[in-house]
Q: 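Next up is a structure, given as structure tokens.
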Amino acid sequence: MRKFSIGYRGKMLFILIGCAIGVMSLVYSNYLVGQLRDKERHEIHLWSFAVGETVKATRPGDRQQAAILARIIDFSNEIPLVVCDDQLRVLQYRSIDASVLADPERLADKLENMRSGGRDPIEIPTPQGRIIRVFYDESPLLKALQYFPWIQLSIFAVFIGFAFIAFRSSKHSEQNRVWIGMAKETAHQLGTPTSSLLGWLEYLREQEGVEPFVVDEMNKDLTRLLKVVDRFSKIGATTNLAPRNIYELVAGAVEYFRRRIPKNVTLNFARCTAEPMQGMVNDALFEWVVENLLKNALDALQGCGAITVQLSVRDARWICLDVRDTGKGMPKAHFKRIFQPGFTTKTRGWGLGLSLSKRIIEEYHNGRIFVFDSEIDHGTTMRVMVRKF
């Protein structure tokens, strides 16, 4: 148990580290986007200043200043912009689709979008007293980088999700190994005394004065015990499925319980169709599931009530087995929890019967087992579905 606990803490630490890396990467990426946005705004203001100085230039002979201004104007050529006069007539544009400029409505929408996000147009006064307005947008690189942190965070989320699934699967595998080991050890421990009992039973048959019916009843109980040993030995081993008459298997389990239930409990068995019910099952394991359901139903009745076992054919693929009791029922919150190892509503019990039944039906038989219906103080219906042959 110590080894599993340390491993679990290590897995959780790994997930927390992954989350921390994702958050730090997101924060740093947003910081870089902010820095690039500030840089572009600085460039467009510098460009606007250069344009304004060019417009106001009164010494055309100053070639050095003109060259510097021209170089500044040509430098920021990746930022989309539109230069308009007082009447919003386009004087100059860059990195803008010409079809947008040709449509007044689309142009108005484009200018309005450029104003959003705190990008107010830059005003450049002219010597003639007019105002030139420079509308600008973010560069394609900056727009792409704005989505990058979220893409990055999504990748980290997917990674953490896969890691969680892998760790959960690892935990499930560890639990499976524990169950399989316990089942095989139980079968091994029971094997020796049952073999010895077979010998003692034959010895009793040869003794005089021993009632034959006593030996026969002991033989039945020993046969039952051998069947239990066989069930435990099959857990974790390769399960061979074969076409079997489901009705006969269920009828055998019902008859076994009918001889052992209290007098105030009635056990009814019915089939909804006369067609053959051939299903792909393993005899020993499927009977074990049926007996577990009958035992749970009997416990729910607390000595008084009725159990109804019903077989039906759902469609061309599935055979349904319903075990209905008139017991205390359960809330919907327990519909899935009852199949978890260790969960039980009884004062005495390990909570293993339904967990093993679920593994047998879903993992070995590729079927389904679930709570079909339940109501407090009115009873519960458990349903098992196995494939037809």
Side-chain angles (χ1 to χ4, degrees), residues 165 168-169 172-173 175-176 179-180 183 227 230-258 267-297 300 306-326 329-330 332 334-341 343 352-375 379-389:
I165 293 173
R168 187 175 181 181
S169 177
H172 185 68
S173 298
Q175 290 178 342
N176 280 340
W179 289 117
I180 291 171
K227 182 181 291 187
D230 181 57
R231 290 171 178 174
F232 276 103
S233 66
K234 283 182 167 61
I235 298 295
T238 302
T239 304
N240 296 320
L241 304 181
R244 291 290 186 268
N245 190 321
I246 303 298
Y247 178 81
E248 292 181 357
L249 294 177
V250 176
V254 169
E255 189 60 31
Y256 174 81
F257 267 82
R258 186 171 281 158
L267 179 55
N268 304 308
F269 177 43
R271 57 188 298 178
C272 295
T273 177
E275 67 176 283
M277 295 186 177
Q278 292 287 108
M280 295 297 295
V281 297
N282 179 279
D283 293 7
L285 295 181
F286 184 75
E287 287 179 352
W288 194 1
V289 172
V290 177
E291 291 175 8
N292 277 335
L293 295 180
L294 290 173
K295 187 176 184 303
N296 283 344
I307 301 174
T308 302
V309 180
Q310 183 173 295
L311 270 175
S312 59
V313 177
R314 179 176 179 179
D315 51 37
R317 296 178 54 198
W318 296 99
I319 297 174
C320 292
L321 167 66
D322 291 337
V323 178
R324 184 181 300 108
D325 65 70
T326 58
M330 71 180 78
K332 289 186 177 180
H334 290 175
F335 281 16
K336 292 185 178 180
R337 293 185 63 194
I338 60 173
F339 295 103
Q340 296 176 0
F343 179 82
L352 301 180
L354 287 177
S355 175
L356 286 171
S357 298
K358 186 177 181 65
R359 293 173 186 272
I360 290 171
I361 294 298
E362 296 188 356
E363 296 182 13
Y364 297 157
H365 290 80
N366 295 320
R368 292 186 62 198
I369 179 171
F370 55 93
V371 180
F372 181 75
D373 183 37
S374 185
E375 188 176 352
T380 300
T381 301
M382 301 292 298
R383 171 164 289 186
V384 176
M385 298 173 60
V386 293
R387 296 184 181 275
K388 292 181 65 176
F389 171 66

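Here the structure is a predicted model, which means the values were calculated and not measured. This chain uses plain numbering: 1 for the first residue, then up along the sequence.
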Q: Quick one about N292 and S357 (side-chain donor to acceptor, distance below 3.5 Å, no hydrogens or angles considered), yes or no?
A: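 Per modelled atom types, S357 and N292 side chains form a pair under 3.5 Å.
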Q: Specify the closest pair of heavy atoms between L311 and Y247, including all atoms of both residues, with the distance to one decimal.
A: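 Minimum heavy-atom separation between L311 and Y247: CD1-CA, 3.6 Å.
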Q: Looking at H365 and N282, would you say the former's side chain and the latter's main chain have a donor-acceptor pair under 3.5 Å?
A: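 Yes; at least one donor-acceptor contact below 3.5 Å.
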Q: Answer whether the closest heavy-atom distance between the side chains of L356 and W288 falls below 4.5 Å.
A: yes
Q: Between S374 (side chain) and M330 (backbone), is there a donor-acceptor pair under 3.5 Å?
A: yes
Q: Taking the side chain as everything from C-beta on, heavy atoms only, tell me whether D325 gets closer than 4.5 Å to N296.
A: no
Q: Check each of L249, V289, N245 against V281 using the side-chain contact (heavy atoms from CB on, under 4.5 Å) test, and report the only one that passes.
A: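 So the option named by the test is L249.
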Q: Tell me, yes or no, whether the heavy-atom count around F269 atom CZ, taken from other residues, nucleotides or ligands under 6.0 Å, exceeds 12.
A: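 Yes, because the 6.0 Å sphere around CZ of F269 holds more than 12 heavy atoms from other groups.
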Q: Are I307 and L294 packed together at the side-chain level, in the sense that at least one heavy-atom pair is separated by less than 4.5 angstrom?
A: yes
Q: Side-chain donor-acceptor contacts of residues 312-319 below 3.5 Å, not counting sequence neighbours, with atom names and distances?
A:
from: D315; atom 1: OD1; to: R317; atom 2: N; distance (Å): 2.8
from: D315; atom 1: OD1; to: W318; atom 2: N; distance (Å): 3.0

Q: Assess whether atom CZ of F389 is packed by more than 12 heavy atoms of other residues, nucleotides or ligands within 6.0 Å.
A: no
Q: For T308, is there any backbone N or O sitting under 3.5 Å from a side-chain donor or acceptor partner on N268?
A: no
Q: Within this structure, what is the CD-CE distance for the pair E362 and M385, rounded to the nearest 0.5 Å?
A: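 Separation between the atoms: 11.0 Å.
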Q: Donor-acceptor check, side chain of T326 to backbone of A306, threshold 3.5 angstrom: yes or no?
A: yes
Q: With a 4.5 Å cut-off on side-chain heavy atoms, are E287 and Y256 touching?
A: no
